[in-house]
Asks: 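This is the structure I want to talk about, given as structure tokens.
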Amino acid sequence: MLRTHTCGELTAAHADQTVTLCGWVEKTRDLGKGGVFVDVRDRYGKTQLVVRPHLQEMLETAKQLRSEFVILGRGKVSLRPLGQANANMATGEVEILLDELQVLNASKVPPFLPSAQEMPSEDARLKYRFIDLRRPKMQQTLVLRSRIVKKIRDYFEENGFIDIETPILGRSTPEGARDYLVPSRVHNGQFYALPQSPQIYKQLMMIAGYDRYVQVARCFRDEDLRADRQPEFTQLDMEMSFVDEEDIIGMIDGLMKRLAREILGIELPLPLPRMSYDEAMRRFGHDAPDLRFGMELIDCSAWAKTVDFRIFRGAVDEGKAIRAINVPNAAELFTRKKIDELTLFVQEDFGLKGLAWLKCTTDGKLEGPIAKNFTESQLAELASATAAVPGSVLLFAADEYERAGKALYGLRRRLGLELKLYDPGQMHFSWVVRFPMFAYDAEENRWAAMHHPFTAPLDSDLPKLESDPAAVRAKAYDLVINGYEAGGGTIRIHDNVTQQKVFQLLGMSPEEAEHRFGFLLEALRFGAPPHGGIALGIDRLIMLFAGLDNIRDCVTFPKTAKAIDLMTEAPNVVDDRQLRELGIQVKPKNG
RNA sequence: GGGGUCGUAGCUCAAUUGGUUAGAGCACCGGCCUGUCACGCCGGAGGUUGCGGGUUCGAGCCCCGUCGACCUCGCCA
């Protein structure tokens, strides 16, 4: 090692020791004949180096130093003169009186400084990621990530899990997300697919008898990005044999309790709260509700049947729903302009025709342009049903039950943030369970698996598998943190008969199922134990534990919304020779 | 694929109703400064206003197109 200490560890206790530090120049303060002060930084912290004026040669070197030069400084740790300690610095009690200063490497003028108060633009940060990653905040996040992953691995090891790797080059499975494909050189015209998750492999490991499997697995999905979604991401993937939902949920409960305690310093009461999918959709309009605040959805459909107002009455008569949220203390905030803005939001993002509203005045009356369509007693009933109090604004969505819920979920999430209805530092963990097995795909006119086609139905719903698929619920569970799906899993089907029934329902002929998943179906015939598991989104988990609102800030080299790496400029064209070897000819997409 | 916000100096931003030579802070370059720590002082350099077109006597500003970043809907078993 060139250095004896890091830039973050020296204190008064080290006084009079001779030390060598290495790091990046954060800042120099040249006092002319008074010498030069140099703040040197590494990922552990910052230390002040002092170049004294009588050391002529060193002074010359010091005057050449610029931001982000890499230097080595050797000298004696010295207490700073009385009254000159810097309380804002961990090492502020001391400074190094240099007797050697080396420039290990110069630096071009950086496009931005890691120490800058103002955040550089996201483009600049991504293009010069190696500089962005020098920012203390990024370094803290990556350290946090490392600590969390270590704790997760420890936890599973203590619980008897085996860390097992599975292939990255696999076979495309048409269900689910779009695959990233890798052309085969040896087999012209054939492709591997990168794993969307190690789902099938881990099931095969269960069949192989490795009853507690865990993997920190890189996964790939070629779908559009979001603030909380990258095309390449990391899952904590686990699977257990001879278990039911309770075992998996309990195992993750224990993990969350430990992480919350050791990372956040909070005690989570176990078991973590659970809510059925139906309840989540009814109360929040979404399957991953943010439970840090109220403002739940209220179903006003029954009430709407008693009124003459065409928009409401007409909707319920057509079988649609009237759903509402009661926004507290918003009557004054919600100007006409604000309501127009929210209306546009639900129209453009959720396809609602409009947004009806009523304000609750100081004397408890509901007012607004639509109020004249209701009688006094109807308004009073509504006020009571929605728990409207002075200052409340009621926002109504009149549409299909699900669409109305989705729009109000959007409003609830947006307004919760805008109106600061919760403390952003607060954390809330819960489970959403008993998902439907199937969702009807109107476009393709068929049933589709809501999770994946290997998900086991609830035992009690098994008889309904053929008679009423919509009513069949799955042994599926999602871990929800602060309104984000942090993970999801299922108990799998372990017998071939049920599996075939599910395939059949999904419109997959035995031949087709055999063609797509033959190896798994075959394996299920060779003594498959009951098994199930879960996968947690590590990146998202880090984001939430770090209090970030963006997944790119906890990934080293993330992609942009167009799935580009601005630093390496991947993806990019390849040599003709490479294409020839693969037997690939590129045609313009719209040619 | 749709909708929205944004794009001005290396960085973060400003520029009145469309009107003179597009400004500031930081960074950079030169000089000065004997205890600084957001050091200070003096001076300097730095611009295809993302790109292309249009309207206009005149465009950073208005219009059309396009590219890019971000947010979002669709999508994400």
Side-chain angles (χ1 to χ4, degrees), chain A residues 26-39 46-54 59 63 66-68 78 80-89 91-92 95 97 108-128 131 173-179 196-197 199-200 219-231 233 341 344-352 403 406-407 410 413-414 435 437-439 441 443 447-455 474 476 485 488 490 502 506 517 535 537 549-550 552 559-562 564 566:
Chain A
E26 176 141 309
K27 189 97 191 165
T28 62
R29 290 175 293 279
D30 180 353
L31 268 59
K33 294 189 183 66
V36 179
F37 294 93
V38 181
D39 289 339
K46 230 167 31 171
T47 303
Q48 174 164 281
L49 309 178
V50 185
V51 179
R52 287 156 296 170
H54 62 277
L59 206 60
K63 285 180 193 294
R66 294 294 178 270
S67 293
E68 304 305 307
S78 165
R80 294 193 184 187
L82 202 64
Q84 297 217 8
N86 187 342
N88 300 320
M89 253 170 119
T91 61
E95 57 192 5
L97 304 179
K108 286 176 67 177
V109 176
F112 57 87
L113 296 175
S115 57
Q117 299 287 312
E118 293 135 336
M119 257 315 224
S121 71
E122 187 107 24
D123 319 32
R125 292 179 55 201
L126 293 178
K127 182 168 179 192
Y128 297 97
I131 292 173
T173 51
E175 294 276 327
R178 199 176 288 113
D179 283 319
Q196 298 177 22
S197 85
Q199 183 60 41
I200 291 175
C219 305
F220 307 85
R221 292 178 190 175
D222 188 3
E223 298 292 348
D224 286 348
L225 289 77
R226 285 286 190 286
D228 62 346
R229 238 159 62 190
Q230 283 277 305
F233 60 101
E341 192 187 311
L344 209 62
F345 172 65
V346 294
Q347 287 173 330
E348 287 180 344
D349 278 10
F350 299 97
L352 245 53
R403 185 198 298 268
K406 223 167 172 185
R413 194 169 67 148
R414 173 175 168 164
F435 281 74
M437 275 286 283
F438 308 104
D441 186 336
E443 218 168 89
W447 291 100
M450 189 130 172
H451 200 80
H452 59 63
F454 319 113
T455 302
E485 181 195 328
T490 61
V502 169
L506 294 171
F517 309 112
D549 58 6
N550 189 319
R552 290 183 302 279
K559 309 269 188 297
T560 68
K562 291 233 166 99
I564 289 167
L566 288 181

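Note that the coordinates shown come from a computational prediction; the quantities given were computed from them, not determined experimentally. Labels below follow one simple rule: chain letters A, B, ... track the order of the sequence lines, proteins then strands, and each chain is numbered from 1.
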Asks: Please report the distance separating the C1' of B:G47 from the corresponding atom of B:A9, rounded so that it comes out in whole Å.
Replies: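 Between the two C1' atoms, the distance is 6 Å.
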
Asks: Quick one: do A:Asp224 and A:Arg229 make a salt bridge, cutoff under 4.0 Å?
Replies: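 Salt bridge: no.
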
Asks: Paired with B:C26: which nucleotide, if any, by Watson-Crick or G-U wobble criteria at under 3.5 Å for both distances?
Replies: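 Checking every strand shown, B:C26 finds its partner in B:G10, with both distances under 3.5 Å.
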
Asks: Between A:Arg552 and A:Glu122, is the closest basic N to carboxylate O distance under 4.0 Å?
Replies: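 Yes, charged N to carboxylate O under 4.0 Å.
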
Asks: Measuring only the P atom in each nucleotide, how far is B:G19 from B:G25? A whole number of Å is fine.
Replies: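 It works out to 24 Å between them.
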
Asks: Quick check for you: among B:G3, B:G10, B:A69, whose closest atom lies nearest to any side-chain atom of A:Pro111?
Replies: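 From the listed options, B:G10 comes nearest.
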
Asks: Could you give the distance separating B:G7 and B:G52 at their C1' atoms, to the nearest angstrom?
Replies: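 Approximately 16 Å lies between the C1' atom of B:G52 and that of B:G7.
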
Asks: Pick the C1' atom in B:C6 and in B:G43, then give their distance to the nearest Å.
Replies: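 It works out to 36 Å between them.
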
Asks: Under the 3.5 Å rule, do the base of B:C75 and the side chain of A:Asp224 count as making a donor-acceptor pair?
Replies: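 Side chain to base: no pair present.
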
Asks: Among B:C76, B:A27, B:G30, which nucleotide has an atom closest to any side-chain atom of A:Ala177?
Replies: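 Closest nucleotide among those given: B:C76.
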
Asks: In whole Å, what separates the C1' atom of B:A69 from that of B:U8?
Replies: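 So the two C1' atoms sit 16 Å from each other.
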
Asks: Let me know the distance between CZ of A:Arg229 and C1' of B:C76, rounded to the nearest Å.
Replies: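 In whole Å, B:C76 C1' lies 4 Å from A:Arg229 CZ.
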
Asks: Between B:C37, B:C73, B:C76, which one does the side chain of A:Arg221 approach most closely?
Replies: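 Among B:C37, B:C73, B:C76, the one nearest the side chain of A:Arg221 is B:C76.
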
Asks: Of the listed nucleotides (B:U12, B:U72, B:C37), which one gets closest to any side-chain atom of A:Pro120?
Replies: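 When the side chain of A:Pro120 is considered, B:U12 is the closest of B:U12, B:U72, B:C37.
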
Asks: Please report, rounded to the nearest Å, how far the P atom of B:C75 is from the CD atom of A:Glu223.
Replies: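 These atoms are roughly 10 Å apart.
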
Asks: In whole angstrom, give me the gap between the P atoms of B:A38 and B:C33.
Replies: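 Going atom to atom, P in each nucleotide, I get 23 Å.
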
Asks: Distance check, P atoms only: B:U21 and B:U16, in whole angstrom units.
Replies: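 It works out to 16 Å between them.
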
Asks: Can you find an N or O donor on one side and an acceptor on the other, under 3.5 Å apart, linking the side chain of A:Arg52 with the base of B:G35?
Replies: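 Answer is no: no donor-acceptor pair is held.
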
Asks: Considering only B:G10, B:G1, B:C28, which nucleotide approaches the side chain of A:Ser67 most closely?
Replies: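 The answer is B:C28, which lies nearest to the side chain.
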
Asks: Within this structure, what is the CD-to-P distance between A:Gln84 and B:C39, rounded to whole angstrom?
Replies: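 After rounding, the reported distance stands at 15 Å.
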
Asks: Decide, applying a 5.5 Å centre-distance limit and a 30° plane-angle limit (both strict), whether A:Phe37 stacks on B:U36.
Replies: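 Yes.
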
Asks: The side chain of A:Val109 is closest to which nucleotide in this list: B:C28, B:U36, B:C70?
Replies: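 Nearest nucleotide to the side chain: B:C28.
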
Asks: A:Arg125 has an atom CZ; how far is it from atom P of B:C6, in whole Å?
Replies: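 Taking atom P of B:C6 as the reference, CZ of A:Arg125 is at 21 Å.
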
Asks: Is A:Lys406 touching bases, backbone alone, or none of the nucleic acid, heavy atoms closer than 4.0 Å?
Replies: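 Sugar-phosphate: the residue A:Lys406, judged by heavy atoms under 4.0 Å, touches backbone atoms but no base.
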
Asks: So for A:Arg80 and B:C37, does any side-chain atom that can act as donor or acceptor lie under 3.5 Å from a complementary atom in the base?
Replies: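 Indeed, a donor on one side and an acceptor on the other fall under 3.5 Å apart.
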
Asks: For the side chain of A:Glu95 and the base of B:G35, is some donor closer than 3.5 Å to an acceptor across the two?
Replies: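 Per atom types, the contact qualifies.
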
Asks: What is the nucleic acid contact for A:Gln199, judged by heavy atoms within less than 4.0 Å: base, sugar-phosphate only, or nothing?
Replies: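 Base contact.
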
Asks: For A:Arg413 and A:Thr173, take the nucleotide of RNA chain B holding the closest heavy atom to each; which residue's nucleotide lies nearer the 5' end?
Replies: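 Of the two residues, A:Arg413 wins.
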
Asks: Looking at A:Asn550 and B:C70, is any side-chain donor or acceptor paired with a base atom of the opposite kind under 3.5 Å?
Replies: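 Flag unset: no donor-acceptor pair detected.
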
Asks: Could you work out the separation of B:C63 and B:G4 based on their P atoms and round it to a whole Å?
Replies: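 Their P atoms lie roughly 13 Å apart.
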
Asks: Which nucleotide, B:U12, B:C70, B:G35, lies nearest any side-chain atom of A:Leu126?
Replies: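 For the A:Leu126 side chain, the nearest candidate turns out to be B:C70.
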
Asks: Of the candidate nucleotides B:C73, B:A27, B:U34, which contains the atom at the shortest distance from the side chain of A:Lys27?
Replies: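 Minimum distance to the A:Lys27 side chain belongs to B:A27.
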
Asks: Compare the minimum distances between each of B:G25, B:C39, B:C73 and the side chain of A:Glu118, then state the nucleotide with the smallest one.
Replies: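 The listed nucleotide nearest to A:Glu118's side chain is B:G25.
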
Asks: Does a distance-only test, which skips hydrogens and angles, find a donor-acceptor pair under 3.5 Å between the side chain of A:Gln117 and the base of B:U12?
Replies: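 When only heavy-atom distances are counted, A:Gln117 does not reach the base of B:U12 through any donor-acceptor pair under 3.5 Å.
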
